[in-house]
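Index from 1, following the sequence.
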Amino acid sequence: MNDPVGPVPDRSPGQVWLPDLSINSVSSSYKAIPMFKLPPFLCMLLYSLSGWTQIQPVVIPTSVRIPMDSLQKQQLIRCLDGLLSQLSGANKDNVFVQPDYLPETSDLLDEVKGMGDSIPGMKVPCHCYLTNVNQLDSGEYLVQFSYLGLHDSTPVLRASFKLVAHRVGEGYIFSSPLKRNTVGWATGQYADFTFHYSNYTLDETVIRNYIGKAHEFDAKLNAAAYRTEFYCCGSFQEALEALGVDYKLEYNGVSGESLTAHEKQTSLYVVGGYRNTTFDFHDLWHDRLHAVVPVSTINRPIDEACAYLYGGSWGLTWEEVFRQFKSYIGDNRDWLTAFNENRNFAQPKQNHLFVSYVITALLIKKIEKEKGFPAVLQFLTCGKYQKDNENYFQALDRIIGVNRSNFSATIETLFEAQR
Ligand SMILES: [Zn+2]
């Protein structure tokens, strides 16, 4: 590859630019296109891009052959630029997303976000290069693009993605290839949950318990009904490729992760390293809460405490977590100090279990029993974690009259009652 990380022309704010495809090179000049000459469809799309600033246009290396006439090439590249330029906003508002495929495309675009920034430890930003366009059928094309950075003089591949481009009018909109990549997979339908899988036998007992627990959490949260779709992949690499992520530097050596999105009344899970422990009630609590309550309002330690209480942790039930906590804490009953120190009492293979989460779980039990779950939700949404826990204690005092002065005595009573 000849100097793949060359300079990219800048665009001025408010001006629409089009790559000069006759030159078709990283050093191409870019020409301003008057808006009045554009077809109505593109004018509508481009008008919505009035927020375009500091855009890094996709670079078209000379080696890439695009099997389209020159007008269609321009339209495709302009629309791909449009898609990527709107990544900073909500995916559902990106006008270049094919709306029928919003959940999986949103999941994929979340992976693309930030790839144009510099790689940690390196100074220069990465640039996006078109690497392949391949016709799938009369109105659809596979589009591949990669982000490359430069470390000293060595090119570094940061990420590589695939999208499906759908011809609409005189432009293109884009989707994740997830459905296309999994078209031959088996499907299992259980109530409002759908499982897509291959080379795997679903354990019906595990699935039904999981769905029952999800509905229990939804009832607690007073959540309106929504669909849940699982794509059960054999490995994380398979999950990435199914969604349209060919490579991502950050995921080198990573296994057993999932890629999730919640859009259009659908929760989507593209699960890597799929196994029965995927159906963990602790993570399920987080997922069902985050689907209906804005994450920006949630106090994460209180969310974790709820997850301990309602779903256990690391495969342990809440009762087992509490028993382990009890033997760890021993005769140390200075509860406010224990809460503030927040030590990890996990055993090997449990990763972490934190003292403050168990103490908060005892308080949540008390709040729910005395005031009902809406009061727990008020506590949960007291705002982001603060180092001095000021918002935590203000909410606790307001909801149930517990403050720093009576905290230790209250926890001692709850601890004894839990025994
Ligand atoms: Zn958690």
With side chains defined as the heavy atoms from C-beta onward, is the minimum distance between Gln86 and Val95 less than 4.5 Å? yes
To the nearest 0.5 angstrom, please state how far the OG1 atom of Thr266 sits from the CG atom of Leu268. 8.0 Å
Between Glu368 and Lys220, is there a side-chain heavy-atom distance shorter than 4.5 Å? yes
Applying salt bridge (Lys or Arg N to Asp or Glu O under 4.0 Å), can you list everything that pairs with Asp137, at least two apart in sequence or on another chain? Arg180
With side chains defined as the heavy atoms from C-beta onward, is the minimum distance between Lys213 and Arg288 less than 4.5 Å? no
Could you tell me whether Arg343 and Glu341 make a salt bridge, using a distance below 4.0 angstrom between a side-chain N and a carboxylate O? yes
Verify whether the ring centers belonging to Phe393 and Phe339 lie closer than 6.0 Å. yes
Glu257 and Tyr251, any side-chain heavy atoms less than 4.5 Å apart: no
Side chains of Asn91 and Val97 in contact at under 4.5 Å (non-hydrogen atoms): no
Can you check whether Asn391's main-chain N or O pairs, donor with acceptor, with Gln386's side chain at less than 3.5 Å? yes
Working for side-chain contact (heavy atoms from CB on, under 4.5 Å), residues Lys366 and Leu414: CA-CA 8 Å; Lys366 175 181 168 69; Leu414 297 173; 3.9 Å; yes
With sequence neighbours left out, the residues meeting salt bridge (Lys or Arg N to Asp or Glu O under 4.0 Å) with Arg398 are none
Going by the rule side chain to side chain contact (heavy atoms under 4.5 Å, CB included), which residues pair with Asn252 if we only count those two or more places apart in sequence or in a different chain? Tyr247, Leu249
Do the two ring centres, one from Tyr190 and one from Tyr210, sit under 6.0 Å apart? no
Are side-chain N/O atoms of Gln324 and Glu320 paired as donor and acceptor at under 3.5 Å? no
With a 6.0 Å cut-off (strictly less than), is the heavy-atom count around CZ of Arg300, excluding the residue itself, greater than 12? no
Are the side chains of Leu380 and Leu289 in touch, meaning some heavy atoms are under 4.5 Å apart? yes
Closest non-hydrogen atom pair, Ser313 against Val321: N-CG2, 4.1 Å
What distance separates Lys92 NZ from Ser106 OG, expressed to the nearest 0.5 Å? 10.0 Å
Check for a donor-acceptor pair, side chain of Asp107 on one end and backbone N or O of Thr260 on the other, with a separation under 3.5 Å. yes
Where Cys382 and Asn299 come nearest, the two heavy atoms and their spacing: SG-ND2, 3.8 Å
Taking the side chain from His282 and the backbone from Gly311, do they hold a donor-acceptor pair closer than 3.5 Å? no
Check the orientation of Trp314 and His352. Use parallel for under 30°, tilted for 30 to 60°, and perpendicular for over 60°. perpendicular
Taking the side chain as every heavy atom from C-beta outward, state whether Met115 and Phe145 have any atom pair closer than 4.5 Å. no
Under the salt bridge (Lys or Arg N to Asp or Glu O under 4.0 Å) test, residues paired with Glu238 that sit two or more places apart: none
Centroid separation under 6.0 Å, is that true for the rings of Phe174 and Phe96? no
Looking only at heavy atoms, the pair that brings Glu250 and Val254 closest together is O-CG2, 4.1 Å
Show your working on side chain to side chain donor-acceptor pair (under 3.5 Å) between Asp246 and Ser160 and close with a plain yes or no. CA-CA 5 Å; Asp246 284 342; Ser160 197; 4.5 Å; no
With a 3.5 Å distance limit and no angle check, can you tell me whether Glu370 reaches the backbone of Gly372 through a side-chain donor-acceptor pair? no
With the side chain counted from C-beta on, respond yes when Leu108 and Val245 share a heavy-atom pair under 4.5 Å apart, and no when they do not. yes
Lys113 NZ: over 12 foreign heavy atoms closer than 6.0 Å: yes
Would Glu104 and Glu229 count as a side-chain contact (heavy atoms from CB on, under 4.5 Å) if you check the C-alpha gap in whole Å, the side-chain angles of each, and the deciding distance to 0.1 Å? CA-CA 10 Å; Glu104 59 267 41; Glu229 299 247 355; over 6 Å; no
Is there a side-chain contact (heavy atoms from CB on, under 4.5 Å) between Trp318 and Gln418 once you walk through the steps? CA-CA 11 Å; Trp318 155 246; Gln418 178 66 36; 3.5 Å; yes
Kindly compute the distance separating CD1 (Ile66) from NZ (Lys73), expressed to the nearest 0.5 Å. 6.0 Å
Reported NE2-to-OG distance for the pair His290 and Ser267, which is rounded to 0.5 angstrom: 11.5 Å
Closer than 3.5 angstrom, by distance alone: can the side chain of Ser176 be matched with the main-chain N or O of Leu243 as a donor-acceptor pair? yes
Write down the atom of Thr105, the atom of Ser175, and the distance for their closest heavy-atom approach. OG1-CA, 3.3 Å
Between the side chain of Asn134 and the main-chain N/O of Leu142, is any donor-acceptor distance below 3.5 Å? no
Verify side-chain contact (heavy atoms from CB on, under 4.5 Å) between Phe217 and Asp287, making sure each step is shown before the conclusion. CA-CA 10 Å; Phe217 290 158; Asp287 292 340; over 6 Å; no
With a sphere of 6.0 Å drawn around CD of Gln135, does it hold more than 12 non-hydrogen atoms of other residues, nucleotides or ligands? yes
Determine, using ring centers only, whether Phe345 and Phe325 are less than 6.0 Å apart. yes
is_close_aromatic(Tyr357, Phe354), centroid dist under 6.0 Å: yes
Lys264 side chain vs Pro99 backbone, donor-acceptor pair below 3.5 Å: yes
Exercise: do Thr360 and Tyr392 side chains pair donor with acceptor under 3.5 Å: yes
Quick one: does Asp152's side chain have a donor or acceptor within less than 3.5 Å of a partner on Thr154's backbone? no
Can you list every side chain to side chain donor-acceptor pair (under 3.5 Å) pair that touches residues 374-385, not counting sequence neighbours? none
State, to 0.1 Å, how close Tyr147 and Cys128 come at their nearest heavy-atom pair, and which atoms those are. CE2-CB, 3.5 Å
For Gly114 and Arg158, which heavy atoms make the closest approach, and how far apart are they? O-NH1, 3.2 Å
Aromatic rings Phe195 and Phe279: how do their planes relate, parallel, tilted or perpendicular, breaks at 30° and 60°? perpendicular
Who are the side chain to side chain contact (heavy atoms under 4.5 Å, CB included) partners of Ser153, not counting sequence neighbours? none
What distance do Leu148 atom CG and Tyr129 atom OH have between them, rounded to the nearest 0.5 Å? 6.0 Å
With rounding to the nearest 0.5 angstrom, report the CH2 to OH distance, Trp185 to Tyr197. 11.5 Å
